[in-house]
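Since the model is a prediction, treat every value here as computed from it, not as a measurement.
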Amino acid sequence: MRRARRSQVRNLTRTMAELGEADEAELQRLVAAEQQKAQFTAQVHHFMELCWDKCVEKPGNRLDSRTENCLSSCVDRFIDTTLAITSRFAQIVQKALRKSSSSAPEISFFGLQ
């Protein structure tokens, strides 16, 4: 799947040479947004693995109360984190929309470029 995504990015990069400046900036913005989504998804999966490793000592037919409380707390933290990230992303999008320059807006979801 990563190989296919890299191929898509390479094809988009080649196509960008044929586009005008405005189209190129928009395409770069879209590619950056897709990369941010992929980073977010990776973070979610990593967080879920951490919760599982932390809370579930030995899987069985039922969860004991400690495991259930731990997973519940972990889910609560996950929801809080997701809401905070979503709020930050909305702020970034609003800022980018207000920006009137012709260059592609910098979109940095996790402080990564």
_Residue pair F40 / T86, side-chain heavy-atom distance below 4.5 Å_ = no
*So how far is it from Q36 CD to Q39 CD, rounded to the nearest 0.5 Å?*
4.5 Å
*Measure the OG-CD distance between S73 and E68 for me, rounded to the nearest 0.5 Å.*
12.5 Å
*Would you please name every residue forming a side chain to side chain donor-acceptor pair (under 3.5 Å) with S72, sequence neighbours left out?*
none
*With the 4.5 Å side-chain cut-off for hydrophobic clustering, are L71 and F47 part of the same group?*
no
*Could you check C55 against C74 for disulfide bond (SG atoms under 2.5 Å apart), going step by step and ending with a plain yes or no?*
CA-CA 8 Å; C55 297; C74 201; 5.0 Å; no
*Give the cluster check for W52 versus L63: same hydrophobic cluster or not, with ILVMFWY residues linked at side-chain heavy-atom distances below 4.5 Å.*
yes
*Would you say T41's side chain and K37's backbone share a donor-acceptor pair under 3.5 angstrom?*
yes
_Test: salt bridge (Lys or Arg N to Asp or Glu O under 4.0 Å). Region: residues 49-67. Which pairs qualify, not counting sequence neighbours?_
E57-R66
*Tell me whether M48 is reachable from I85 by hopping between hydrophobic residues (I, L, V, M, F, W, Y) whose side-chain heavy atoms are closer than 4.5 Å.*
yes
_Going by the rule side chain to side chain donor-acceptor pair (under 3.5 Å), which residues pair with N69 if we only count those two or more places apart in sequence or in a different chain?_
none
